Undergrad: 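Attaching a single structure in structure tokens format; questions to follow.
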Amino acid sequence: MVKIPQFKNVKVQEWVDKWVKICNPDAVVVIKGTKQEHNLLCGQMVKTGQFIKLNQKLRPGCYLARSHASDVARVENRTFICSEKEIDAGPTNYWREPSAMKKELLKKFKGCMKGRTMYVIPFAMGPIGNHITQYGIEITDSAYVVVNMNIMTRTGTAVMKHLDTGIDFVPCIHSVGAPLKKGQKDVAWPCAKSINDKYIVQFPEDREIWSFGSGYGGNALLGKKCFALRIASKLGRDNGWMAEHMLVLTFTSPAKKQYHITAAFPSACGKTNLAMMLPKLPGWKLQTIGDDIAWLKPGEDGRLYAINPENGFFGVAPGTSMGTNPNALLACRKNTIFTNVVLTPDGDVWWEGMGKDAPETGIDWQGNVCYCCVDNKHYMGPKPGMTKAEIKKSGYVAAHKNSRFTAPAVNCPVLDKDGFEGLYKGKPTGVPVDAIIFGGRRPSTIPLVNEAKSWTHGVFMGSAAGSEITAAVISDKIGQVRRDPMAMLPFFGYNVADYFQHWLEMERTSVNPKKLPKIYFVNWFRKNEKDEFMWPGFGDNSRVLKWICDRIDGKVKANATAIGNLPKIADISLENNTGKGIVNPKFLKEILKVDVKGWKKEIDTVEASYDEYDMKASKDSKIVNADAKRVPAALRKLLAELKADLGKVK
Ligand code: OXD
Ligand code: MN
């Protein structure tokens with residue numbers, strides 16, 4: 001039996017003791033979180049072939065990893081919410097009875113760390129000591145997970161000192177599920193190869209996370225989606241706060257007034273781009289606090305205060321360029337881990353949409369040689385001499401579509417350092433939120449920006465959020481809307497309809513509901529009949545943020561319509577409307593109208609989603625059509641009113 005480290009926190013000790021016995025590792029190491037330890041682990045991984053050290057002149061402190069082809073993304077159909085009652089997981093989640101799931105998983109975990117080191121990572125979600133921050137212990141047998149957790153969360157001795165005081169934490173266990181026999185050589189990316197051997201499991205009542213078989217992203221970096229969204233959404237519901245799939249930013253006017261805005265978008269809607277955008281509007285400044293997750297807690301004054309619980313960015317590489325998101329690209333210049341991108345001959349990285357000519361040859365995400373395309377240097381193919389058309393037809397990409405950079409937040413040139421540390425006016429309150437934005441990728445119907453008439457109406461807007469499936473995804477479903485309420489579909493830690501109710505409760509229980517943030521819905525993706533975008537997006541989105549700030553200050557009036565308050569066209573500033581991708585005033589008029597026909601169709605699909613959320617069964621349940629009527633009546637009422645109001649419009 002290995003030597004087990006001693007801990008002052010009894011629950012930490014019990015958690016580690018238990019899993020050492022079950023997993024049977026060769027050694028146990030407690031992570032201190034120092035630079036030296038981090039570098040040592042990276043160096044060890046270079047030796048074992050799990051990391052490639054990049055050119056340290058071009059990318060100091062940077063490494064590249066290549067995952068196994070079976071382990072490249074979050075596995076939603078192997079993600080379970082194991083609440084005692086099935087209805088508490090709800091119709092958007094996969095559910096298993098907790099004790100049955102634990103029994104099944106214990107068999108998998110038995111002896112799973114043989115031949116490996118068990119790492120014990122103390123981590124904080126949020127600035128250490130902040131009253132919104134929560135703590136965790138992740139046990140893992142993956143050094144890749146340790147070094148990524150070092151970037152994505154605050155780890156180590158400072159956290160352990162906090163845990164030593166006996167405070168509560170979320171216990172997490174993770175294994176790649178690939179024990180090593182004596183003398184067996186390790187592979188570059190150990191994991192369980194079969195999808196059915198991967199399990200991402202949340203126990204919201206025990207507040208535990210058990211993950212087995214995958215080493216990738218949100219499946220394995222358990223502080224992120226598993227804790228900061230699934231478990232934290234339940235913690236928030238039980239304790240009167242909110243855990244949301246939202247970026248947090250600070251927007252400062254030319255007169256130096258600061259506004260704090262959070263925004264929730266489904267994937268592929270440019271959340272990281274908005275979080276770090278360079279405003280096109282002269283004099284306005286945007287700073288980043290977070291790009292993925294926000295925790296919001298009511299303050300004594302009734303305002304909602306936000307922190308970013310994370311410590312880094314786990315960003316999608318393809319499409320990130322100096323044109324689309326210079327600040328993200330600059331954030332990964334140093335101390336960054338790249339996964340599944342292309343290795344160039346000079347020891348740098350490349351990916352599709354990097355806005356940089358591809359090298360003559362490279363090594364693709366699967367470790368094979370790839371070649372610059374002959375007629376377009378922004379593509380690489382699996383064979384020499386291929387044209388762009390040939391590469392596109394083959395479906396080949398040199399960097400995996402979900403390839404990532406794990407970059408420390410402090411690297412971001414526009415980081416709001418105080419806000420990131422949870423400080424506002426020098427106090428550790430988190431930042432007061434002025435506006436909450438929901439959005440989606442919607443080529444039709446949904447206007448550029450729409451202001452909710454009330455908090456409840458804002459909750460309704462969020463509940464009806466969705467993104468249109470584009471040709472890039474499933475071609476026979478183009479134009480169909482996939483509902484993604486509050487952009488939380490894969491991340492609810494409990495029943496979606498109860499989650500809506502919790503949002504409503506935030507107003508009902510507020511000490512000053514008037515101080516709650518205003519709520520907006522935005523859509524940067526409207527297209528015309530020629531399939532052209534009618535809004536340039538990126539830095540021009542600052543025009544919409546400014547309108548939102550003007551509304552918060554009561555500086556401009558809006559057009560009250562059936563769907564919400566829409567801007568008067570003249571109130572969207574067109575200052576500095578020059579250069580690449582300008583705003584076309586004719587299109588602007590079009591995207592600020594109420595498309596009555598489109599909205600009539602829209603509400604039918606919202607109604608269908610509510611009907612689904614009213615069902616008792618979880619996603620793969622045997623229970624059929626058991627009507628649980630969970631969707632809040634207040635939201636059903638708004639839906640009925642919208643239907644009636646649209647019916648009156650000719
Ligand atoms: C993410 C996601 O990786 O939302 O942030 O999937
Ligand atoms: Mn996300």
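It should be emphasised that the depicted structure is a prediction, and the values quoted were computed from it without experimental measurement. Numbering of ligands and ligand atoms starts at 1, following listing order. Numbers here simply count residues along the sequence, with the first being 1.
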Undergrad: Which of these, N541, N327, N325, sits in a side-chain hydrogen bond (donor to acceptor under 3.5 Å, both in side chains) with N273?
TA: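 Result for side-chain hydrogen bond (donor to acceptor under 3.5 Å, both in side chains) with N273: N325.
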Undergrad: Identify the heavy atoms of F538 and P536 that sit nearest to each other, and give their distance.
TA: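 Looking at all heavy atoms of both residues, the shortest contact is CD1-O, 3.7 Å.
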Undergrad: Please report which non-hydrogen protein atom sits nearest to atom 3 (O) of ligand 1, along with the residue it belongs to and the distance in Å to one decimal place.
TA: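 Scanning the protein heavy atoms, the shortest distance from atom 3 (O) of ligand 1 goes to R404 NH2, 3.0 Å.
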Undergrad: Compare every heavy atom of S618 with every heavy atom of W95, then report the nearest pair and how far apart it is.
TA: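 So the two residues come closest at CB-OG, 3.4 Å.
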Undergrad: What atoms of ligand 1 come closer than 4.0 angstrom to any heavy atom of D292?
TA: 5 (O)
Undergrad: My understanding is that only one of I151, N311, L415 makes a side-chain contact (heavy atoms from CB on, under 4.5 Å) with P408; could you say which?
TA: I151
Undergrad: Give the atoms of ligand 1, by number and element, whose distance to some non-hydrogen atom of F491 is under 4.0 Å.
TA: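 It comes down to these atoms of ligand 1: 4 (O).
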Undergrad: Would one find an N or O of S267, backbone or side chain, under 3.5 Å from an N or O of ligand 1?
TA: no
Undergrad: Counting backbone and side-chain atoms alike, does A487 have an N/O/S atom under 2.8 Å from the Mn ion (ligand 2)?
TA: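 Within the cut-off used here (under 2.8 Å), A487 places no N, O or S atom near the Mn ion (ligand 2).
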Undergrad: Quick check against the 3.5 Å criterion: does N308 have a side-chain atom that pairs as donor or acceptor with the backbone of I289?
TA: yes
Undergrad: Rounding to 10°, state the angle centred on the Mn ion (ligand 2) that links NZ in K225 with NE2 in H245.
TA: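 Taking the Mn ion (ligand 2) as the apex, the two atoms subtend 90°.
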Undergrad: Which residue and non-hydrogen atom of the protein lie closest to atom 5 (O) of ligand 1, and at what distance in Å?
TA: K225 NZ, 2.9 Å
Undergrad: Any salt bridge linking R66 with D364? Criterion: basic side-chain nitrogen under 4.0 Å from a carboxylate oxygen.
TA: no
Undergrad: Taking just the N, O or S atoms of D292, which one is nearest to the Mn ion (ligand 2)?
TA: OD1
Undergrad: More than 12 heavy atoms of other residues, nucleotides or ligands under 6.0 Å from NZ of K417: is that the case?
TA: no
Undergrad: Relative to the heavy atoms of H245, which atoms of ligand 1 are at a distance of less than 4.0 Å?
TA: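 By the 4.0 Å cutoff, the relevant atoms are 4 (O).
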Undergrad: Please write down residue, atom name and distance for the protein heavy atom closest to atom 6 (O) of ligand 1.
TA: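 It is R74 NH2, 2.7 Å.
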Undergrad: Would you check whether K224 has a nitrogen or oxygen atom less than 3.5 angstrom from a nitrogen or oxygen atom of ligand 1?
TA: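 No, K224 has no N/O under 3.5 Å of an N/O on ligand 1.
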Undergrad: If you take all heavy atoms of V341 and W350, which pair is closest and at what distance?
TA: CB-O, 3.8 Å
